[in-house]
2 protein chains.
Amino acid sequence: MSDLLERLRERGWRLTAQRRVVAEVLDGDHVHLTADEVHARAAERLPEISRATVYNTLRELVHRGEVLEVSTDGRAKRYDPNAHRPHHHLLCARCGSIRDVHPTGDPLANLPAAQSFGFTVLEAEVTYRGICPDCAA
Amino acid sequence: MSDLLERLRERGWRLTAQRRVVAEVLDGDHVHLTADEVHARAAERLPEISRATVYNTLRELVHRGEVLEVSTDGRAKRYDPNAHRPHHHLLCARCGSIRDVHPTGDPLANLPAAQSFGFTVLEAEVTYRGICPDCAA
DNA sequence: ACCCTACATTGGACAGGATCTAAGGCAAGG
DNA sequence: CCTTGCCTTAGATCCTGTCCAATGTAGGGT
């Protein structure tokens, strides 16, 4: 994750304690925190950090393609640091928890040209929905 | 759409002017209105209709499987009356317009059991993103 | 045709998520 | 080490959606 910060700094991103903490909190696999969760964890290390800064930083990271934003059906968006390896998501319909998945095949190939309505199709995102082990119990 | 209302009435759904208007507004192909848009159009015919009733009715229709709820971005959910033929969506990244598409293959089959993390997987939803002809021009 | 009653509708309050604003703070180049 | 312009902050505000208590009404029963 320090790579990330270095990379961004070289692109003119001012490096602050707040941004560093947000990036650190997001680090890891299968991390899909809401903005509020990011704020809570960041505040453990940097108590004064504000919600607005967390939102600003997350928005920046998404915009620069370093973090994925995952909208989960009306609940709070979740933020996924695993933006560089393409993948899809498995979502618990009950509690909203998320796992990264790597399905076989290419969904883009399953959309016949006749179905494109003249669109330039850029990507396909697959969301699997189900009930997680915790919620099934 | 009158079929729909008949069907629901037979299942004990009380038929009111408000519900009729909401169902009428939703009728058609490639219709993906937000709750607020449904309310606005319904109010053209039935000025006193309240937002709460529109939300209630949409929730009921979704719950009974007559209408699909589509959460595109993190913005307002959209409601799709085409619930009986399974399909997916093609979304313009620029203007947000939506088209129904029918890709080949079954995305559910592309998720190996080893990837399920103990979830009971219920459905797979594919969202294609691109640029529509109007926005490309 | 008329009542009853359970179910629907209403408007306004409320809640959660996210954005905006204006004022003060601070990274980093000079 | 100073200056400048970007960052951060707290709190207001917006947007979407839900909840509530009071009122209205569809439609079965008589």
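Letters A, B, ... mirror the listed sequences (proteins, then strands); counts begin at 1.
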Would you please name every residue forming a side chain to side chain contact (heavy atoms under 4.5 Å, CB included) with A:Glu60, sequence neighbours left out? A:Trp13, A:Arg64
Connected-component partners of B:Ile98 among ILVMFWY, side-chain separation under 4.5 Å: B:Leu91
Can you sort out the partners of A:His63 under side chain to side chain contact (heavy atoms under 4.5 Å, CB included), two or more places apart, ordered by chain and number? none
Taking only residues two or more places apart in sequence, or in another chain, which ones meet A:Arg41 in a side chain to side chain donor-acceptor pair (under 3.5 Å)? none
With a cutoff of under 4.5 Å between side-chain heavy atoms, which Ile, Leu, Val, Met, Phe, Trp and Tyr residues group with A:Ile131? B:Leu122
Which pairs would a plain distance check flag for residues 46-53 of chain B, meaning a side-chain donor or acceptor within less than 3.5 Å of a matching protein atom at least two apart in sequence or in another chain?
{"residue": "B:Ser50", "atom": "OG", "partner": "B:Thr53", "partner atom": "N", "Å": "3.2"}
{"residue": "B:Ser50", "atom": "OG", "partner": "B:Thr53", "partner atom": "OG1", "Å": "3.2"}

Could you identify which residues cluster with A:Tyr128, counting Ile, Leu, Val, Met, Phe, Trp and Tyr as linked when any side-chain heavy atoms lie under 4.5 Å apart, either directly or through a chain of such contacts? A:Leu90, A:Val101, A:Leu108, A:Leu111, A:Phe117, A:Phe119, A:Val121, A:Val126, B:Leu90, B:Val101, B:Leu108, B:Leu111, B:Phe117, B:Phe119, B:Val121, B:Val126, B:Tyr128
Tell me, please, the opening and closing nucleotides of DNA chain D, 5' to 3', among those with an atom under 4.0 angstrom from a non-hydrogen atom of chain A. D:dG5 to D:dA10
Look at all strands and tell whether A:Arg75 reaches a base, only sugar-phosphate, or nothing, counting heavy atoms closer than 4.0 Å. nothing
Reading nucleotides 23-30 of chain C from the 5' end, what letters show protein touch, with B for base, S for backbone sugar-phosphate only, - for no heavy atom under 4.0 Å? ---BBS--
At what angle, to 10 degrees, do the two end axes of the helix from C:dA1-D:dT30 to C:dG30-D:dC1 meet, given five pairs define each axis? 30°
Please write out which residues are connected to A:Leu68 in a hydrophobic cluster, directly or through intermediates, given that two of Ile, Leu, Val, Met, Phe, Trp, Tyr count as joined at side-chain heavy-atom separations below 4.5 angstrom. none
Distance check: side-chain N/O of A:Tyr55 vs OP1/OP2 of C:dA18, anything under 4.0 Å? yes
Under 4.0 Å from any atom of DNA chain D, heavy atoms only: list the residues of residues 41-54 of chain B that qualify, in numerical order. B:Arg51, B:Ala52
